[in-house]
Peer 1: 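Pasting a structure below so you can have a look.
Just so we're clear, the structure is a prediction, and the values are computed from it rather than from any experiment.
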Amino acid sequence: MNGAEAIVQILLNEDVDLIFGYPGGAIMPVYDALYDQQEHIQHVLARHEQGAIHAAQGYAKASGKPGVCLATSGPGATNLITGIADAQIDSAPLVCITGQVGSTLLGSDAFQETDIISISMPVTKWNYQVTDAREIPSALAKAFYIAKSGRPGPVLIDITKDAQFQELDFEYEHCESLRSYTPEISPNPEAIEEAAILINEAQRPFILFGQGVILANAEAEFKTLIEKTGIPAAWTLLGLSALETDHPLNVGMLGMHGNYGPNLLTNECDVLIAIGMRFDDRVTGNLDNYATQAKVIHLDIDPSEINKNVKAHIPILGDVKVTLPLLLDKVKLNNHLEWLQRFHDCARIEQEKVIAAELYPSGDVLSMGEVVRIVNEYTNGDAIIVTDVGQHQMIACRYSKFSQSKSNITSGGLGTMGFGLPAAIGAKLGAPERTVIAIVGDGGLQMTIQELATIYQTKAKVKILLLNNEFLGMVRQWQQLFFDKRYSSTEMINPDFQTIAKGYQIPAKKVTRRADLEKAIIDFLDYDGAYFLEVMVGKENNVFPMVPSGAGIAEIRLE
């Protein structure tokens with residue numbers, strides 16, 4: 001077979017049945033080979049390569065399988081970069097295959113030639129250029145292994161057009177190990193023992209959990225640990241849904257727009273246990289006064305994260321699916337009721353000063369929080385919520401209720417506007433049995449609004465909930481609080497979103513009054529197909545609590 005046919009056969013061997021992409025000259029041989037495998041591999045034609053790769057991210061996060069993306073050379077490949085960078089910082093497993101000009105043209109500034117290997121190197125877990133068809137099987141086997149193993153991430157294989165045409169004697173073996181690549185490290189028994197002693201002696205222990213729990217499929221082990229020890233636990237943005245939101249030991253969200261108690265009491269705990277999280281600056285605030293009183297236990301699969309931002313007194317390297325049971329065997333049955341009550345007291349203060357007004361606002365202006373509250377009432381925590389980036393993202397993540405894992409899909413580390421709509425398409429195709437709701441803002445939506453056409457073509461039953469404040473809301477909030485309300489280039493003059501949605505044969509409705517809101521949400525959720533619901537919310541509403549940039553987390557503001 002030729003190289004292009006080999007690529008498609010490898011996808012079948014790796015159990016890939018869904019890919020996202022956009023054809024072009026340099027990848028055309030692969031698309032020709034796909035033509036004969038349409039019964040086995042569904043190709044989702046995005047309307048922009050950025051839409052394709054965000055959809056692949058959504059698919060990966062919802063399904064737990066690697067997302068696969070195809071693009072041509074030049075602009076096709078470079079249009080993937082934002083999504084690749086997003087996947088790298090958020091640990092999403094992706095295999096990106098790009099076409100390239102013929103090997104004899106490399107370096108000649110040929111039509112649609114870019115050095116995508118050099119461009120993508122800083123934002124991929126691994127990348128490689130293939131110029132000979134005989135390299136295709138080994139390169140792709142390594143790609144799938146590297147993308148999935150250890151801390152997941154994106155890989156990119158760039159394949160010249162002549163290698164796609166070239167014939168080879170095809171043989172394929174799944175990759176199970178690579179020299180000099182050690183994705184999982186055996187945990188140190190002494191570190192486990194020391195951590196257990198510290199936890200058993202702690203008076204005010206506090207657990208911070210991140211996406212590592214979800215990526216390791218260690219939700220059950222994590223839940224057993226906190227229930228045995230009675231330790232309150234708070235989540236990072238990407239850790240949300242690893243533990244059901246109504247669990248009595250789930251005390252809320254960490255970080256800049258997180259809950260009052262988890263932020264304030266981080267600086268009062270005596271033992272801080274970080275599980276599958278990386279101490280991002282949005283979680284820690286100013287590191288000079290972050291948890292300086294606490295002994296830190298850090299469980300993570302990636303050695304580069306240990307001591308990168310916060311010094312770990314006891315580092316525990318390894319997959320938390322392995323390390324949590326080892327720790328569980330050594331910790332004692334306990335409870336910390338007085339300490340847990342401190343979180344409840346903070347939650348009551350936050351409820352009175354922030355949450356009540358957000359979820360049950362007075363006056364005629366609708367709030368984002370009340371929309372999310374009503375969605376919760378009718379989804380019972382079972383929906384996958386995919387958010388874009390901005391105020392609506394913080395509100396949705398703060399107030400959405402989740403009863404199962406892999407339910408919160410968002411752009412965390414990179415904060416990519418335009419992520420939400422295409423990622424929701426991928427999530428729905430990756431978990432077709434679940435309700436998928438894209439909660440987006442008017443700014444981010446318009447960065448990838450063309451993907452409404454992808455919904456139309458695939459008939460993906462994605463629910464699109466637009467919270468429209470006619471502003472780039474998060475930037476406007478900062479301009480209000482820190483730049484004397486000098487609203488520079490943040491007010492949005494928007495189109496008629498209803499007409500646009502209907503142009504793609506997607507039913508649409510707009511809500512401006514509270515009296516119409518609940519019925520509109522019921523119709524939105526009950527409709528058997530994609531649906532677009534626009535809710536006009538307060539133009540100058542803000543998201544609180546908030547830790548100002550450069551401040552310590554104990555300086556969290558409630559207003």
Peer 1: In a table with atom names and distances, give each donor-acceptor pair under 3.5 Å that connects a side chain of residues 364-373 to protein atoms at least two apart or in another chain.
Peer 2:
residue : atom : partner : partner atom : Å
S367    : OG   : E358    : O            : 2.5
S367    : OG   : E370    : N            : 3.1
E370    : OE1  : R514    : NE           : 2.9
E370    : OE2  : S367    : N            : 2.9
E370    : OE2  : R514    : NH2          : 2.9
R373    : NE   : L359    : O            : 2.8
R373    : NH1  : E377    : OE2          : 3.1
R373    : NH2  : L359    : O            : 3.3

Peer 1: Only counting residues at least two apart or in another chain, list the ones meeting side-chain hydrogen bond (donor to acceptor under 3.5 Å, both in side chains) with S120.
Peer 2: N127
Peer 1: We want to know whether E451 and T454 form a side-chain donor-acceptor pair, criterion being a heavy-atom distance below 3.5 angstrom.
Peer 2: yes
Peer 1: How would you list, by chain and number, every residue that makes a ring-ring contact (aromatic ring centres under 6.0 Å, His included) with H48, sequence neighbours excluded?
Peer 2: none
Peer 1: Would you sort out whether I425 and I455 count as a side chain to side chain contact (heavy atoms under 4.5 Å, CB included), showing the intermediate values?
Peer 2: CA-CA 7 Å; I425 297 170; I455 293 176; 3.6 Å; yes
Peer 1: State whether the side chain of D388 and the backbone N or O of G420 hold a donor-acceptor pair below 3.5 Å, judged by distance alone.
Peer 2: yes
Peer 1: Could you check whether any side-chain heavy atom of L80 comes within less than 4.5 Å of a side-chain heavy atom of C69, counting everything from C-beta outward?
Peer 2: yes
Peer 1: By the ring pair (Phe, Tyr, Trp, His ring centres under 6.0 Å) test, which pairs, at least two apart or in different chains, include something from residues 373-429?
Peer 2: H54-F419
Peer 1: Do R513 and L517 come close enough that some side-chain heavy atom pair is under 4.5 Å?
Peer 2: no
Peer 1: Where the side chain of N263 meets the backbone of G255, is there a donor-acceptor pair that is under 3.5 Å apart?
Peer 2: yes
Peer 1: Could you tell me whether the side chain of S405 and the main chain of A242 form a donor-acceptor pair under 3.5 Å?
Peer 2: no
Peer 1: Listed by chain and number, what are the ring-ring contact (aromatic ring centres under 6.0 Å, His included) partners of F497, not counting sequence neighbours?
Peer 2: none
Peer 1: With sequence neighbours excluded, what pairs up with Y360 under the ring-ring contact (aromatic ring centres under 6.0 Å, His included) test?
Peer 2: none
Peer 1: Can you tell me if Q42 uses its side chain to pair, donor with acceptor, with the backbone of I19 under 3.5 Å?
Peer 2: no
Peer 1: Please examine the side chains of V386 and I437, heavy atoms only from C-beta on, and report whether any two atoms are closer than 4.5 Å.
Peer 2: no
Peer 1: Is the backbone of D246 close enough, under 3.5 Å, to the side chain of N250 for a donor and an acceptor to pair up by distance?
Peer 2: no
Peer 1: Show the numbers, then the answer: is there a side chain to side chain contact (heavy atoms under 4.5 Å, CB included) between F144 and V68?
Peer 2: CA-CA 10 Å; F144 277 96; V68 178; 4.1 Å; yes
Peer 1: For the backbone of T416 and the side chain of S411, can you confirm whether one donor and one acceptor N or O come within less than 3.5 Å of each other?
Peer 2: yes
Peer 1: State which residues pass salt bridge (Lys or Arg N to Asp or Glu O under 4.0 Å) with K353; sequence neighbours excluded, sorted by chain then number.
Peer 2: none
Peer 1: If you look at every heavy atom in A60 and P66, which pair is closest and at what distance?
Peer 2: CB-C, 4.4 Å
Peer 1: Using every non-hydrogen atom in the two residues, find where L558 and F544 come nearest and quote the distance to one decimal.
Peer 2: O-CB, 3.7 Å
Peer 1: Main chain of V155, side chain of Q88: is a donor-acceptor contact present, judged purely on distance under 3.5 Å?
Peer 2: no
Peer 1: Please check if the side chain of Q479 supplies one atom and the backbone of S488 the other of a donor-acceptor pair under 3.5 Å.
Peer 2: yes
Peer 1: Mind checking salt bridge (Lys or Arg N to Asp or Glu O under 4.0 Å) for D36 and listing every partner two or more places apart, or none if nothing turns up?
Peer 2: none
Peer 1: Taking NZ, NE, NH1 and NH2 as the nitrogens, is one of them in E433 or K428 under 4.0 Å from a carboxylate oxygen of the other?
Peer 2: no
Peer 1: When you check the gap from the basic side-chain N to the acidic O, do R434 and D382 get nearer than 4.0 Å?
Peer 2: no
Peer 1: Taking the side chain as C-beta and beyond, is there a heavy-atom pair between E350 and N259 under 4.5 Å?
Peer 2: yes
Peer 1: List the residues meeting ring-ring contact (aromatic ring centres under 6.0 Å, His included) with Y31, not counting sequence neighbours, and say none if there are none.
Peer 2: H43
Peer 1: Give the C-alpha distance, both sets of side-chain angles, the deciding distance and a yes or no for side chain to side chain contact (heavy atoms under 4.5 Å, CB included) between L34 and I41.
Peer 2: CA-CA 8 Å; L34 280 171; I41 299 178; 4.2 Å; yes
Peer 1: For R278, which residues count as a salt bridge (Lys or Arg N to Asp or Glu O under 4.0 Å) partner, sequence neighbours excluded?
Peer 2: D280
Peer 1: Check salt bridge (Lys or Arg N to Asp or Glu O under 4.0 Å) between E491 and all other residues, then give those that pass, not counting sequence neighbours.
Peer 2: K539
Peer 1: Of all residues at least two apart in sequence or in a different chain, which pass the side-chain hydrogen bond (donor to acceptor under 3.5 Å, both in side chains) check with E540?
Peer 2: Y487
Peer 1: Just by distance, do the side chain of E470 and the backbone of I493 share a donor-acceptor pair under 3.5 Å?
Peer 2: no
